[in-house]
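In what follows, a single structure is set out as structure tokens and then discussed.
Keep in mind the model is a prediction, meaning the values are calculated, not measured. Order of listing sets the numbers, starting from 1, for every ligand and every atom in it.
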Amino acid sequence: MNEYRIAVYPGDGIGIDVIAEAVKVLRATEQAHSIKLQLTEFNWGHRYWREIGKVVPDDFLDVLKPFDAIFLGAIGDPRNLPDHITLVPLITIRQTFDQYVCLRPAVLLPGVTTPLANKKPGDIDIVVVRENSEGEYVDVGGMFKPTQADEVSLQTAVHTRKGVERILRYSFELAQTRRKHLTMATKSNAFKYGMVMWDRVLTEVAADYPDVRYDKCHIDALSMNFVRCPEVYDVVVGSNLFGDILSDLGGAIVGSLGLAPSANIRPDRKYPSLFEPVHGSAPDIAGKGIANPIAAIRSAAMMLDFLGEHEAAHSIEAAVIANLSAGLVRTPDLGGHSTTVDIGDDIASRISSTTH
Ligand code: NAD
Ligand code: IPM
Ligand code: MN
């Protein structure tokens with residue numbers, strides 16, 4: 001029996017609720033597929049800060065290193081702690097463990113209504129590949145005379161050839177396994193250093209993948225096209241910030257951010273990869289028991305797939321699709337009246353019943 005050690009970091013707000021349901025589904029999957037998951041939960045985030053005065057322990061990276069994967073809910077408690085403090089550990093994990101690929105699929109699933117007119121399941125099947133290790137998210141900058149009337153702040157983006165080339169190669173290789181079409185988000189009409197380099201490296205790297213059709217599109221027009229004609233996109237790669245923005249938009253056009261999973265991957269597996277829903281801690285619905293746990297559940301499926309448990313991952317996706325197609329048990333973001341726990345129970349029961 002294959003055994004995996006998973007660090008579970010539910011975080012804050014709805015992160016705690018959706019992870020509980022995803023763990024329920026993982027436990028059902030474990031039984032049905034003869035795998036063993038050793039789950040170790042950490043109460044980091046706002047709860048830890050109340051107890052210890054820090055968001056995570058100082059040695060949190062050493063604590064996480066030995067695990068096979070990290071499963072995260074959502075971090076952020078903006079009413080009590082500034083986001084740029086609470087979110088540092090997440091960005092540090094991605095960067096220090098060099099999880100340079102962030103995969104964020106946006107697929108219109110059966111049984112789900114998109115806010116876009118005349119689009120049906122099958123019409124939207126995009127993978128946003130987000131550069132996850134550098135770009136606009138590097139901690140390079142500073143403040144001069146903070147809070148003074150004449151204060152100045154500098155925020156610098158760093159794009160390296162190594163970083164751009166490896167994410168483009170990953171994206172071309174992914175496109176080869178799909179519909180063989182790659183689109184790169186750019187903004188080289190305004191960012192005349194970083195994005196001009198992205199454009200140039202795209203042309204160079206593309207020469208090694210003649211079977212993949214490729215194009216680039218300025219991020220403003222690309223955002224518009226996600227709404228206007230999402231069916232033309234297959235693999236869409238972008239810098240850290242562009243990928244962040246496109247992936248929330250991707251969630252919205254396929255019916256709800258509450259359905260959108262993600263994987264932060266270190267391809268050579270030297271350090272653990274991290275799996276989390278695209279959404280945040282949703283303070284507007286936290287504590288109400290109505291968050292959609294499907295994004296977290298599908299992130300758990302991406303984790304099992306990455307760990308090599310393809311059948312188990314597939315059975316979670318199949319159970320999610322069965323829940324959505326039946327349309328009986330759904331949270332308010334999808335137009336229903338069910339609770340977070342109801343969805344977890346329904347999907348977990350579908351795993352047991354489809355595999356026994
Ligand atoms: P958000 O993703 O938390 O919420 C945006 C909107 O989507 C809200 O209206 C929310 O109710 C809705 N929503 C999100 N997830 C949902 C779900 N599962 N089911 C139903 N509706 C859902 O974004 P925000 O409000 O900008 O951020 C809130 C906090 O989360 C902030 O502290 C932010 O920094 C943090 N955040 C964390 C992560 C992360 O941990 N990876 C990601 C995004 C935002
Ligand atoms: C995400 C989030 C994070 C990001 C924030 C919370 C730092 O929005 O995972 O998409 O921007 O990467
Ligand atoms: Mn985001």
Side-chain angles (χ1 to χ4, degrees), residues 9-22 44-46 49 55-56 70-95 99-104 106 112 115 128-139 155 157 238-265 274-299 320 324 330-344:
Y9 180 175
D12 305 307
I14 67 164
I16 297 169
D17 308 344
V18 298
I19 289 298
E21 298 316 306
W44 298 341
H46 181 243
W49 177 79
V55 184
V56 290
I70 305 161
F71 187 40
L72 184 137
I75 312 173
D77 187 5
R79 288 172 197 160
N80 292 305
L81 263 183
D83 273 350
H84 69 272
I85 296 174
T86 333
L87 270 305
V88 168
L90 174 59
I91 295 171
T92 306
I93 292 168
R94 291 173 181 165
Q95 293 180 347
Q99 296 163 344
Y100 69 86
V101 179
C102 183
L103 295 177
R104 296 186 154 188
V112 179
V128 173
V129 183
R130 170 182 184 185
E131 200 299 314
N132 213 32
S133 65
E134 53 176 47
E136 304 85 349
Y137 279 64
V138 294
D139 189 357
Q155 184 90 50
S239 70
N240 216 330
L241 181 62
F242 292 170
D244 177 45
I245 297 167
L246 285 177
S247 53
D248 268 36
L249 184 52
I253 62 172
V254 299
S256 173
L257 193 50
L259 297 173
S262 88
N264 301 263
I265 289 173
L274 183 152
F275 302 82
E276 57 173 338
V278 171
H279 65 73
S281 56
D284 55 338
I285 56 167
K288 297 186 177 164
I290 53 164
N292 192 339
I294 291 182
I297 292 168
R298 299 182 68 214
S299 303
V320 166
L324 293 170
R330 48 175 71 200
T331 40
D333 56 311
L334 296 179
H337 300 285
S338 307
T339 65
T340 310
V341 172
D342 293 335
I343 311 303

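At least one N/O/S atom of D244, from backbone or side chain, sits under 2.8 Å from the Mn ion (ligand 3).
In this structure, the side chain of D17 does not engage the main chain of G289 through any donor-acceptor pair within 3.5 Å. With hydrogens and angles disregarded, no donor-acceptor distance shorter than 3.5 Å links the side chain of D12 to the backbone of I75.
Contact annotation: for I290 versus ligand 1, there are no heavy atoms closer than 4.0 Å. Counting heavy atoms under 4.0 Å from ligand 2, residue H84 does not touch it at all. With a 4.0 Å heavy-atom cut-off, ligand 2 is reached by no atom of H279.
Nearest to atom 1 (P) of ligand 1 by heavy-atom distance, out of A252, G280, A286, is G280. Taking all heavy atoms of S281, G15, S262 into account, the minimum distance to atom 29 (C) of ligand 1 is reached by S281. Of the candidates D333, I285, V278, it is I285 that places a heavy atom closest to atom 22 (C) of ligand 1. Within the set L72, N292, T331, the minimum heavy-atom distance to atom 19 (N) of ligand 1 is found for N292.
Side-chain contact check for L103 versus I265: some heavy-atom pair is nearer than 4.5 Å. Annotation: side chain of D244 is in contact with side chain of Y137 (closest heavy-atom distance under 4.5 Å). Side chains of L334 and L259 form a contact here, defined as non-hydrogen atoms less than 4.5 Å apart. For the pair N292 and T340, the minimum side-chain heavy-atom distance is 4.5 Å or more.
Ligand 2 lies within reach of R130, whose nearest heavy atom is under 4.0 Å from it. For the pair E136 and ligand 2, no heavy-atom separation below 4.0 Å is found.
The N/O atoms of A291, backbone and side chain alike, include none that comes under 3.5 Å of an N/O atom in ligand 1. Looking at D284 next to ligand 1, an N or O pair under 3.5 Å apart turns up.
Using modelled atom types and a 3.5 Å distance limit, the side chains of T86 and D83 yield no donor-acceptor pair.
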